[in-house]
There are 2 protein chains.
Amino acid sequence: MAPTEKVDKRAHILTVAEQLFADNGFDGTSVRDIAQLANVNLAMISYYFGSKEKLLEALIEDRAGYTLGILEELNKNQTLTPWDKVDRQVEHYVDKIFNNYKFHCIMSQQYNNTRSTEIKELIINIKLRNLEEIKKVITDGQKKKVFRKVDVELTMASVFGTLMQIVNSRSLYCRLLKVEETDDATYRKKIAPRIKTHLKQLLRAHLDIKNEE
Amino acid sequence: MAPTEKVDKRAHILTVAEQLFADNGFDGTSVRDIAQLANVNLAMISYYFGSKEKLLEALIEDRAGYTLGILEELNKNQTLTPWDKVDRQVEHYVDKIFNNYKFHCIMSQQYNNTRSTEIKELIINIKLRNLEEIKKVITDGQKKKVFRKVDVELTMASVFGTLMQIVNSRSLYCRLLKVEETDDATYRKKIAPRIKTHLKQLLRAHLDIKNEE
DNA sequence: CCCAAAGTTAAACAAACGTTTAAATTAAAC
DNA sequence: GTTTAATTTAAACGTTTGTTTAACTTTGGG
């Protein structure tokens with residue numbers, strides 16, 4: 001085995017598991033599938049993680065920390081106008097979700113189907129923390145009389161929902177958006193800017209206090 | 001067995017399978033689970049459907065036809081203004097998806113995880129047909145100079161995505177929207193009107209030609 | 001009443017599943 | 001160099017999986 005691979009076999013298993021879980025689902029992936037694709041012995045998964053379910057927990061915990069920090073930092077910057085903050089959060093969120101869309105596929109699917117209460121709570125808390133950070137931006141803009149009165153929670157659901165639609169149903173939107181289905185990178189390159197523009201335009205109209213009814 | 005149950009055992013199996021697939025996923029549900037909850041012999045599922053995967057196909061085909069007709073009818077009504085059509089489609093769509101949210105959960109999850117190309121194509125075609133019908137309403141309003149120029153496909157993704165967020169991540173949004181988590185009916189009663197209001201408001205601002213940049 | 005078709009059953013099938021074992025190998029500490 | 005711990009391995013464990021079998025009961029038409 002090459003020395004570069006040897007460095008962290010645990011991380012390598014996580015990456016392989018992430019891909020398989022995203023493609024075939026948790027129950028649709030066997031530990032033998034993971035072991036084979038990762039080129040490790042079957043027993044190593046129990047050895048490192050204890051069980052298949054613990055492996056999923058480890059995966060979620062590993063990937064979850066990635067986001068929150070950037071969002072919080074964005075909010076602390078007091079010089080930005082509410083509109084600037086919205087634009088930047090859209091930029092950041094679209095990039096982030098495209099970067100680990102496989103993980104977000106797992107989050108969506110596992111949220112619904114897992115029988116483990118711990119995993120479900122884990123996922124809910126991660127999502128809630130992220131949503132709270134976005135919520136601050138909108139309520140802040142409302143206090144400053146820049147944004148109108150809207151349903152804040154459902155506005156977040158619309159932003160997040162738009163994104164999840166695109167990444168979760170890729171080949172559907174490839175056909176709908178008339179983009180040929182190739183690799184991840186080109187899909188992202190073509191779609192990500194378009195989503196950013198759309199979400200900014202959507203939020204600008206939706207939040208603008210001039211559109212108050 | 002009561003004569004009412006006897007009427008259509010096949011339909012009963014489909015209903016039970018729909019619930020279990022939605023709750024535990026396709027791979028997370030065994031044919032024995034279905035047989036037990038439906039109170040039928042294990043072999044009856046092969047007898048009626050041929051296989052577990054054929055059962056899923058039968059379920060999708062059975063549930064899919066339900067929607068399209070109403071959407072088409074709505075579009076033919078020429079007396080309605082584009083705004084009326086938007087409002088009515090929102091009303092209809094929200095109600096429809098709440099009515100069979102379990103089925104839509106299965107559609108979302110299976111779209112991503114199935115290894116069967118036929119099922120994937122089946123789901124894509126159902127969704128594309130539905131989306132085409134919505135698209136007509138928006139492009140019609142644009143032709144009549146009532147709606148501004150927007151990204152039509154992504155606007156649909158936003159509407160559909162908002163809804164899927166709410167029905168797919170129920171207990172998350174129960175907590176976020178501060179609604180206690182009880183049965184389906186009360187959840188729907190409290191949330192559905194709120195979603196309708198939000199989506200109409202969102203689309204009104206987003207589509208209005210007066211907000212043209 | 002009979003008999004072929006449809007429906008239903010318990011039992012069995014091989015394959016795949018997650019996990020464990022106990023022996024073998026490698027690494028690190030002294 | 002020896003010893004202890006960590007890593008890796010092939011094999012096996014007992015379940016559960018989807019599906020099939022072959023016998024049994026029910027049904028409806030002639």
Side-chain angles (χ1 to χ4, degrees), chain A residues 1-60 106 109-110 113-119, chain B residues 1-60 106 109-110 113-119:
Chain A
M1 195 183 291
T4 47
E5 296 180 76
K6 185 89 187 93
V7 176
D8 201 346
K9 189 178 269 192
R10 206 189 106 106
H12 181 229
I13 293 175
L14 280 183
T15 306
V16 169
E18 181 178 33
Q19 183 194 321
L20 288 173
F21 287 162
D23 290 343
N24 311 320
F26 179 76
D27 290 311
T29 305
S30 72
V31 291
R32 282 173 177 83
D33 293 335
I34 301 170
Q36 194 174 15
L37 192 62
N39 258 310
V40 300
N41 187 278
L42 175 63
M44 295 308 291
I45 284 155
S46 291
Y47 179 75
Y48 275 124
F49 302 98
S51 69
K52 187 188 174 187
E53 193 162 288
K54 292 265 188 63
L55 163 62
L56 175 62
E57 276 185 62
L59 176 62
I60 293 175
I106 298 172
Q109 102 200 188
Q110 275 309 302
N113 298 146
T114 188
R115 274 129 287 156
S116 156
T117 323
E118 297 96 44
I119 289 181
Chain B
M1 194 184 290
T4 49
E5 295 180 79
K6 184 89 188 91
V7 177
D8 201 346
K9 190 179 268 190
R10 205 189 109 105
H12 181 227
I13 294 175
L14 279 182
T15 307
V16 169
E18 180 178 34
Q19 182 193 321
L20 287 173
F21 287 162
D23 290 343
N24 310 320
F26 179 77
D27 290 310
T29 304
S30 71
V31 292
R32 282 171 180 82
D33 293 336
I34 301 170
Q36 194 174 12
L37 192 63
N39 257 310
V40 299
N41 187 278
L42 174 63
M44 296 308 291
I45 285 155
S46 289
Y47 179 75
Y48 275 124
F49 302 98
S51 69
K52 188 188 173 188
E53 195 162 287
K54 292 265 189 63
L55 163 62
L56 175 63
E57 276 185 62
L59 176 63
I60 294 175
I106 298 172
Q109 99 197 194
Q110 275 310 303
N113 297 146
T114 188
R115 273 130 286 155
S116 154
T117 323
E118 296 97 42
I119 289 181

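Naming convention: chains lettered A, B, ... in sequence-line order (proteins, then strands); numbering from 1 in each chain.
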Visitor: Among the nucleotides D/dT8, C/dT19, D/dT19, which one has an atom lying closest to any side-chain atom of A/Met44?
Guide: D/dT8
Visitor: For the pair made of CD1 in B/Ile45 and C1' in C/dG7, what is the distance, rounded to whole Å?
Guide: 15 Å
Visitor: Run through A/Ile106, A/Ile34, A/Thr15 and flag the one making a side chain to side chain contact (heavy atoms under 4.5 Å, CB included) with A/Leu20.
Guide: A/Ile34
Visitor: Between B/Glu57 and B/Ile119, does the side chain to side chain contact (heavy atoms under 4.5 Å, CB included) criterion hold? Intermediate values first, please.
Guide: CA-CA 6 Å; B/Glu57 276 185 62; B/Ile119 289 181; 3.5 Å; yes
Visitor: Where is the tightest heavy-atom contact between B/Phe21 and B/Lys52, given as atom of each residue plus distance?
Guide: CE2-CE, 4.4 Å
Visitor: Please check if the side chain of B/Gln109 supplies one atom and the backbone of B/Phe26 the other of a donor-acceptor pair under 3.5 Å.
Guide: yes
Visitor: Between A/Tyr48 and A/Val40, is the side chain to side chain contact (heavy atoms under 4.5 Å, CB included) condition met? List the steps.
Guide: CA-CA 11 Å; A/Tyr48 275 124; A/Val40 300; over 6 Å; no
Visitor: Counting only side-chain N and O atoms of B/Ser30, is one of them less than 4.0 Å from OP1 or OP2 of D/dT16?
Guide: no
Visitor: Would B/Val16 and B/His12 count as a side chain to side chain contact (heavy atoms under 4.5 Å, CB included) here? Give the steps.
Guide: CA-CA 6 Å; B/Val16 169; B/His12 181 227; 3.8 Å; yes
Visitor: The side chain of B/Leu42 lies closest to which of these nucleotides: C/dT9, C/dT19, D/dT19?
Guide: D/dT19
Visitor: Within residues 46-57 of chain B, which residues have any heavy atom lying less than 4.0 Å from an atom of DNA chain D?
Guide: B/Ser46, B/Ser51, B/Lys52
Visitor: Rounded to whole angstrom units, what separation is found between the CG atom of B/Asp8 and the P atom of C/dG7?
Guide: 11 Å
Visitor: Can you measure A/Phe26 atom CZ to C/dC17 atom P for me and round it to whole angstrom units?
Guide: 13 Å
Visitor: Could you write out DNA chain C as a dot-bracket string, with dots for unpaired bases, | for bases paired across to another strand, and Watson-Crick or G-U pairs counted at under 3.5 Å?
Guide: |..|||||||||||||||||||||||||||
Visitor: Rounded to the nearest Å, what distance is computed from the CG atom of residue B/Asn41 to the P atom of nucleotide D/dA22?
Guide: 17 Å
Visitor: Which nucleotide in the list C/dG7, C/dA10, D/dT8 gets nearest to the side chain of B/Ala43?
Guide: C/dA10
Visitor: I need the CZ-P distance between B/Arg32 and D/dT19, as an integer number of Å.
Guide: 11 Å
Visitor: Using whole Å, what does the distance between atom P of nucleotide D/dT25 and atom NZ of B/Lys9 come to?
Guide: 16 Å
Visitor: Rounded off to whole Å, could you give me the CG-to-P distance for the A/Asp27 and C/dG18 pair?
Guide: 9 Å
Visitor: What's the separation between atom OG in B/Ser116 and atom CD in B/Glu118, rounded to the nearest 0.5 Å?
Guide: 4.0 Å
Visitor: Measure CZ/B/Arg115 against C1'/C/dA16 and give the value in whole Å, please.
Guide: 13 Å
Visitor: Could you report the tightest heavy-atom contact between A/Leu37 and A/Gln19, atom names first, then the distance?
Guide: CD2-NE2, 4.2 Å
Visitor: What distance separates A/Asp23 CG from A/Glu18 CD, expressed to the nearest 0.5 Å?
Guide: 10.0 Å
